[in-house]
Amino acid sequence: MGIIAWILLGLLAGIIAKMLMPGKDPGGIIVTTLIGIAGGLLGGWLGKVIFDVDSIDGFFDLSTWIAAIVGALILLAAYRLFARRR
């Protein structure tokens, strides 16, 4: 996938993760996009390490979206935890 596809996937995965974890976040759309992009990478890496599958196959594959959303949920929860402590 190209960089534009990763940014779009990250934006959408971040928005979906934010909808699944409602509440006040100390970040806007830029933070959501960055968490989504990093979450997609984290989800793909975790899928490869834990389940030994290539979860980042293509933009329209369900496994890519699930990995990106799960990764974004993990990072969003961590972000909320650390931002709340400050």
Side-chain angles (χ1 to χ4, degrees):
M1 290 192 314
I3 189 72
I4 302 297
W6 275 109
I7 292 171
L8 182 61
L9 176 68
L11 173 66
L12 295 174
I15 290 170
I16 292 169
K18 204 167 200 175
M19 287 189 320
L20 292 174
M21 290 183 67
K24 187 168 174 89
D25 288 325
I29 191 74
I30 294 173
V31 173
T32 301
T33 304
L34 294 176
I35 287 174
I37 292 169
L41 294 172
L42 175 68
W45 179 76
L46 286 176
K48 182 71 173 165
V49 170
I50 295 173
F51 301 113
D52 197 32
V53 295
D54 190 18
S55 57
I56 305 295
D57 290 331
F59 188 80
F60 294 107
D61 287 336
L62 183 62
S63 62
T64 301
W65 285 92
I66 291 172
I69 293 168
V70 168
L73 284 170
I74 291 169
L75 290 181
L76 184 59
Y79 178 69
R80 284 183 179 181
L81 182 68
F82 289 119
R84 188 178 339 162
R85 289 187 180 179
R86 281 198 252 171

Of all residues at least two apart in sequence or in a different chain, which pass the side chain to side chain contact (heavy atoms under 4.5 Å, CB included) check with A13? A68, I69
Roughly how far, to the nearest 0.5 Å, is the CG atom of L76 from the CD1 atom of I16? 13.0 Å
Taking only residues two or more places apart in sequence or in another chain, which ones pass side chain to side chain contact (heavy atoms under 4.5 Å, CB included) with L42? W45, L46, I74, L75
